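Encoded as structure tokens, the structure appears first; notes follow it.
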Amino acid sequence: MSFPRTLGELRRSSFSEQRLLSRRVKDELRDNLVSRIRQGGPIFDGIVGYDDTVVPQIVNAILSRHNFILLGLRGQAKSRILRALTTLLDRETPYIAGCEIHDNPYAPICRPCRDRIRECGDATAIAYLTTDERYVEKLATPDVTIADLIGDIDPIKAARGGHELASEMTVHYGLLPRANRGIFAINELPDLAGKIQVGLFNIMQEGDVQIKGYPIRLPLDVALVFSANPEDYTARGKIITPLKDRIGSEIRTHYPATLEEGIAITAQEAWTERDGYTLHLPKYVQEVIERIAFTAREDKKIDKRSGVSQRLPISCTENVISNAERRAIQNGEQMVVPRISDIYAAMPAITGKLELEYEGEMKGADHVGRELIRAAIARTYDDYFNGVNMQQVVQWFDLGGEIQLADSAKAAAALESLSGIQGLMDKLGKVGVTTGDGPEKRVSAAEFVLEGLYAHKRIGRSEERVFRAGEKTPRHAEKQPMEREEPFRGRRPYN
Ligand SMILES: [Zn+2]
């Protein structure tokens with residue numbers, strides 16, 4: 001299909017003056033949203049866990065033709081949602097070819113375009129914007145200037161222009177005018193200086209703005225969307241009141257409400273398709289990883305105001321798979337099956353994502369990370385093995401049994417030693433692993449049992465990953481030199 005290339009052709013096409021003049025960006029978003037709702041199915045692809053909460057509010061904001069703000073902690077898919085708005089834009093949008101601010105062919109706001117139409121009339125060339133070209137995003141920082149956001153003016157040229165106040169010939173456009181006829185997203189809005197907020201407000205309200213004291217008329221057609229941390233946004237004095245007043249809807253995002261939703265998001269976002277190996281990521285490993293984030297979000301050692309991003313379980317999953325992949329490469333195994341020990345090895349993907357409170361800082365990020373993993377294991381173990389009698393396994397260790405399970409251990413060899421623990425391998429049916437499964441899966445499942453028993457302090461484990469009898473009377477028992485494990489805090493309520 002070929003599109004009209006001149007203004008004259010455009011007039012006679014479906015992009016008629018009547019249609020295009022009245023179709024502002026917010027009308028377009030609204031129209032396309034209405035058809036999507038009529039079609040049924042998801043409004044935004046790949047947005048998990050918001051169907052009953054965030055999505056209906058966004059839909060209402062768009063139907064209301066509002067500028068809106070998403071308030072939420074980090075890693076709550078705010079940017080992802082804002083980017084997904086482009087799927088509600090028309091696939092092609094005609095504009096005056098060469099115009100920096102993508103002028104509407106029937107109502108140009110910039111001076112060069114108006115001059116060109118006067119000169120060329122219906123022969124004026126038309127170009128088209130794709131949806132991606134109509135989305136402009138800016139992370140607000142305190143050093144963003146009016147020039148960055150709205151534009152700059154050459155005062156000498158402006159002065160020479162004399163009485164012409166709206167001397168658009170001399171304006172170097174900033175990001176916002178360049179987003180004309182599209183969506184402009186500002187992330188972390190409260191970080192924008194007050195003066196810039198005023199400029200933004202003036203554009204939203206009047207289409208007029210002053211640059212270096214020269215009034216510039218810019219009646220832009222832009223859907224403005226924002227994101228912010230809720231505490232920053234509501235803090236007094238961070239957002240100028242008139243701007244806040246112009247933001248039609250305030251929508252709160254949240255972390256996944258259930259473990260299953262969290263796992264679904266992590267599975268969607270984490271890079272798991274590695275070449276050359278068959279990956280089997282056990283469900284219990286996924287659950288432990290996800291629970292680390294859930295537990296951390298409740299932990300008083302971790303800063304509530306910044307939250308625990310969904311990127312924690314995502315990066316952790318990637319790192320866990322990599323550690324398992326490394327083991328498979330070293331041992332010449334074809335099957336990559338992550339183990340619980342791979343989660344402990346993924347600490348670099350965890351600690352950087354935790355903003356610690358004072359108490360956490362005192363203990364150190366590594367210590368806090370290990371505690372979180374251990375609590376997550378204990379809880380996940382309970383889901384699978386609640387009521388299963390593990391006395392025989394515990395007894396094997398109490399009678400002096402010891403087994404070392406390094407995270408690099410070859411599956412076949414590890415399976416042989418694990419099989420020597422009476423009563424262990426026949427419990428693995430609880431996680432869906434049977435004698436018919438390969439050694440990689442069986443070792444991972446058996447190790448999960450041992451890590452679960454260790455997390456509950458029923459058996460012990462050294463730094464060198466030697467599982468052995470637990471300390472029966474922890475308060476009075478002699479401290480074994482190998483046993484440098486952290487004291488396990490009283491169990492806190494999870495979730
Ligand atoms: Zn123009």
Side-chain angles (χ1 to χ4, degrees), residues 3-29 86 89-138 146-155 157-158 160-185 199-200 202-212 214-224:
F3 291 101
R5 288 292 154 197
T6 64
L7 183 56
E9 286 171 29
L10 195 74
R11 282 185 205 287
R12 295 185 295 275
S13 75
S14 58
F15 298 108
S16 66
E17 180 161 356
Q18 195 198 5
R19 178 162 191 265
L20 227 56
L21 264 185
S22 61
R23 194 174 172 83
R24 293 174 67 82
V25 176
K26 285 178 190 162
D27 298 308
E28 180 186 335
L29 291 170
T86 57
L89 292 171
D90 291 344
R91 220 168 299 164
E92 284 89 14
T93 302
Y95 70 102
I96 298 175
C99 176
E100 282 178 86
I101 59 172
H102 311 132
D103 262 327
N104 186 326
Y106 301 116
I109 55 178
C110 86
R111 170 80 175 278
C113 282
R114 288 201 300 267
D115 289 350
R116 190 167 338 148
I117 288 181
R118 204 173 303 130
E119 245 169 66
C120 311
D122 274 2
T124 303
I126 298 296
Y128 294 84
L129 289 168
T130 63
T131 55
D132 284 347
E133 289 166 330
R134 298 175 65 196
Y135 182 78
V136 177
E137 195 177 36
K138 176 73 183 162
I146 287 276
D148 297 331
L149 207 62
I150 295 164
D152 208 352
I153 202 164
D154 183 338
K157 275 197 200 164
R160 277 193 202 128
H163 60 278
E164 264 206 70
L165 284 175
S167 181
E168 302 97 330
M169 298 298 274
T170 60
V171 177
H172 305 284
Y173 292 111
L175 283 170
L176 180 60
R178 285 172 196 277
N180 188 33
R181 302 182 72 219
I183 299 168
F184 188 51
L200 205 57
N202 286 337
I203 292 267
M204 284 164 85
Q205 177 65 2
E206 310 287 352
D208 283 313
V209 67
Q210 286 204 354
I211 300 177
K212 289 188 178 151
Y214 291 90
I216 302 289
R217 181 143 175 77
L218 277 178
L220 300 174
D221 176 15
V222 182
L224 284 166

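Predicted model only: the values in this text are computed from it and were never measured. We're numbering straight along the sequence, starting at 1. Just follow the structure's listing: the first ligand is 1, and inside any ligand the first atom is 1.
- Here the angle at the Zn ion (ligand 1) defined by SG in Cys99 and SG in Cys113 stands at 110°, rounded to 10 degrees.
- The salt bridge (Lys or Arg N to Asp or Glu O under 4.0 Å) test with Glu28 singles out one residue from Arg181, Arg134, Arg91, Arg19, and that residue is Arg134.
- Among the atoms of His102, none of the N, O or S atoms falls under 2.8 Å from the Zn ion (ligand 1).
- A donor-acceptor pair under 3.5 Å is formed between the side chain of Asn180 and the backbone N or O of Asp221.
- The nearest N/O/S atom of Asp103 to the Zn ion (ligand 1) is OD2.
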- Message: Applying salt bridge (charged side-chain N to carboxylate O under 4.0 Å, His left out) to Arg118 and Asp115, what does each step give before you reach the verdict?
- Response: CA-CA 5 Å; Arg118 204 173 303 130; Asp115 289 350; 3.3 Å; yes
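- Taking 4.0 Å as the cut-off between side-chain N and carboxylate O, Asp90 and Arg23 count as a salt-bridged pair.
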